[in-house]
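Heads up, the thing below is written out as structure tokens.
Naming convention: chains lettered A, B, ... in sequence-line order (proteins, then strands); numbering from 1 in each chain.
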Amino acid sequence: MNELFSLYEQLLKHYGKQNWWPADNREEVIIGAILTQNTNWSNVIRALDNLKQENLCTLNKLSQQPAETIAPLIKSAGYYNVKAARLKNIAEQLKDWSPENLPIQEARAFLLNLKGIGNETADSILLYAYQIPVFVIDAYTVRLLGRVKRVPTDNRYEYYQNYFMDGLPLDHSLYNEYHALIVKHCKAFCRVKPICRDCPLNKSCISKILE
DNA sequence: GTCCAGGGCCTAC
DNA sequence: GTAGGCCATGGA
């Protein structure tokens, strides 16, 4: 088994299953994916709760609301004016959209064409809302891999994504869990330098596995 | 008071 | 093509 899968197994053994994405249904995953941009998840939960309380936590309902109505409800998630306008538009575009029968790249391109959806959010939606096997690269993953693999600054997202997807089987549940485990691990041990200080994986730490 | 969080867009060089 | 500014709240 290759080093990437070995790393996955160690993270899983240490942290257990993360059961992402924490949401009740597909539409809530999509809404949460927009709300969580550059924002702590605990702040997103409040915003989602507010939307649920107003019975607005569906794409159809959000698409029918003026952004001015949405904004105060999602204030806790930060950037609320920007996110309110984007949510409304994205809800309108995605409420009747289904990517299941599309080539992955086509589905991805459709999402990337929407204002407010970049690489990470597009892949999060494909993976966590639709169970389509794309590996999500986020700031944590970049930070982690950046310490052990030198890469060109351009196309960095693609480079890292290919790195994972070339080394792993095409499996949405594996990508789901792996990404969540990386976030879990980095939150605890890869926030600050020095690298992986007090890392519980110790001798089998990520830096040593991937170097 | 400062830093960071499950980003992305836009503008100026 | 890319660096920098901007959007903004809440917890540590």
Side-chain angles (χ1 to χ4, degrees), chain A residues 8 11 15-24 26-51 67-68 70-91 93-94 108-132 134-147 151-161 164 172 174-194 197-198 206:
Chain A
Y8 168 73
L11 288 168
Y15 294 107
K17 288 201 76 158
Q18 301 300 302
N19 297 313
W20 273 26
W21 186 289
D24 294 339
R26 170 176 291 169
E27 299 201 347
E28 200 179 309
V29 174
I30 295 171
I31 296 165
I34 307 302
L35 291 176
T36 197
Q37 290 172 353
N38 208 32
T39 302
N40 191 297
W41 183 254
S42 63
N43 292 344
V44 175
I45 291 173
R46 291 185 193 140
L48 287 172
D49 285 344
N50 288 339
L51 291 174
E68 296 75 31
I70 301 170
L73 297 173
I74 61 169
K75 198 164 185 177
S76 65
Y79 310 132
Y80 52 89
N81 288 317
V82 171
K83 287 179 179 174
R86 290 177 182 173
L87 262 183
K88 176 182 169 61
N89 178 52
I90 289 165
Q93 299 298 318
L94 295 189
R108 196 164 187 277
F110 177 80
L111 291 174
L112 288 174
N113 195 40
L114 301 179
K115 195 163 290 189
I117 296 185
N119 283 319
E120 181 184 343
T121 307
D123 288 337
S124 292
I125 289 173
L126 291 176
L127 179 63
Y128 290 105
Y130 294 100
Q131 289 78 52
I132 291 173
V134 288
F135 203 96
V136 178
I137 303 298
D138 67 347
Y140 287 123
T141 314
V142 170
R143 197 180 307 171
L144 187 65
L145 256 61
R147 291 173 174 172
V151 302
T153 53
D154 57 323
N155 298 326
R156 194 163 59 176
Y157 190 97
E158 258 190 323
Y159 182 94
Y160 284 139
Q161 187 173 54
F164 279 98
H172 76 82
L174 170 64
Y175 295 174
N176 175 326
E177 196 58 47
Y178 206 153
H179 173 64
L181 284 165
I182 287 174
V183 173
K184 174 78 174 181
H185 179 72
C186 287
K187 273 185 174 175
F189 297 101
C190 298
R191 302 169 76 119
V192 292
K193 294 178 180 179
R197 186 177 55 185
D198 304 324
I206 290 168

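Spacing between atom CD of A/Gln37 and atom P of B/dC9 amounts to 8 Å, rounded to whole angstrom units. The CG atom of A/Asn40 sits 9 Å away from the P atom of B/dA5 (whole-angstrom rounding). Rounded to a whole Å, the CG atom of A/Asn89 is 14 Å from the C1' atom of B/dG8. If you take CG of A/Asp123 and P of B/dG7, they are 13 Å apart, rounded to a whole angstrom. Atom CG in A/Leu87 sits about 15 Å away from atom P in B/dG7, given to the nearest Å. Summarising the geometry, the separation between CG on A/Leu48 and P on C/dT9 is reported as 18 Å, rounded to the nearest angstrom. If you take CZ of A/Arg46 and P of C/dG10, they are 6 Å apart, rounded to a whole angstrom. Here the C1' atom of nucleotide C/dG10 and the CG atom of A/Leu35 are 15 Å apart, to the nearest Å.
Side chains of A/Asp123 and A/Tyr128: no donor on one and acceptor on the other come within 3.5 Å.
Residues A/Asn43 and A/Leu35 fail the side-chain proximity criterion, which asks for heavy atoms closer than 4.5 Å. Here the side chains of A/Tyr15 and A/Gln18 are in contact, with some heavy-atom distance below 4.5 Å. For the pair A/Leu127/A/Ile132, no side-chain contact is recorded, criterion being any heavy-atom separation below 4.5 Å from C-beta on. Side-chain contact between A/Tyr79 and A/Gln37: absent, with no pair of heavy atoms (C-beta onward) separated by less than 4.5 Å. Under the 4.5 Å side-chain criterion, counting only non-hydrogen atoms from C-beta, A/Leu87 is not in contact with A/Ile90.
Stacking is found between A/Trp41 and the pyrimidine-like six-membered ring of the B/dG6 base under the 5.5 Å centre-distance and 30° plane-angle cut-offs. Stacking of the aromatic ring of A/Tyr128 onto the base of B/dG6 is not found under the criterion of centres within 5.5 Å and planes under 30°.
For A/Lys187, a side-chain nitrogen or oxygen approaches OP1 or OP2 of B/dG6 to under 4.0 Å. Side-chain nitrogen and oxygen atoms of A/Asn119 include none within less than 4.0 Å of the OP1 or OP2 phosphate oxygen of B/dG7. Contact between the side-chain N/O atoms of A/Ser124 and the OP1/OP2 oxygens of B/dG6 is not found at any separation under 4.0 Å.
Set against B/dG8, B/dG6, C/dA8, the side chain of A/Tyr80 has C/dA8 as its closest nucleotide. Comparing B/dG7, C/dT9, C/dG11 by their closest approach to the side chain of A/Lys75 singles out C/dT9.
Within residues 108-115 of chain A, the residues that place at least one heavy atom under 4.0 Å from DNA chain B are, in residue-number order, A/Leu114, A/Lys115.
Below 30°, between 30° and 60°, or above 60°: for A/Tyr8 and A/Tyr178 the angle between ring planes is between 30° and 60°, a tilted geometry.
Separating the P atom of B/dG6 from that of C/dG5 is a span of 24 Å, rounded to the nearest Å. Comparing C/dA8 with B/dC10, their P atoms sit 14 Å apart, to the nearest whole Å.
Residue-level contact check: A/Gly78 touches the bases, meaning some heavy atom is under 4.0 Å from a base atom. Backbone-only contact: A/Ile117 has heavy atoms under 4.0 Å from sugar-phosphate atoms and none from a base.
A/Asn38 contributes a side-chain N or O that forms a donor-acceptor pair with the base of B/dG7 under 3.5 Å.
Here the shortest heavy-atom pairing between A/Trp21 and A/Gly32 reads CZ2-C, 3.9 Å.
Judged by closest nucleotide on DNA chain B, A/Asn43 is the one of A/Asn43 and A/Arg86 placed further toward the 5' end.
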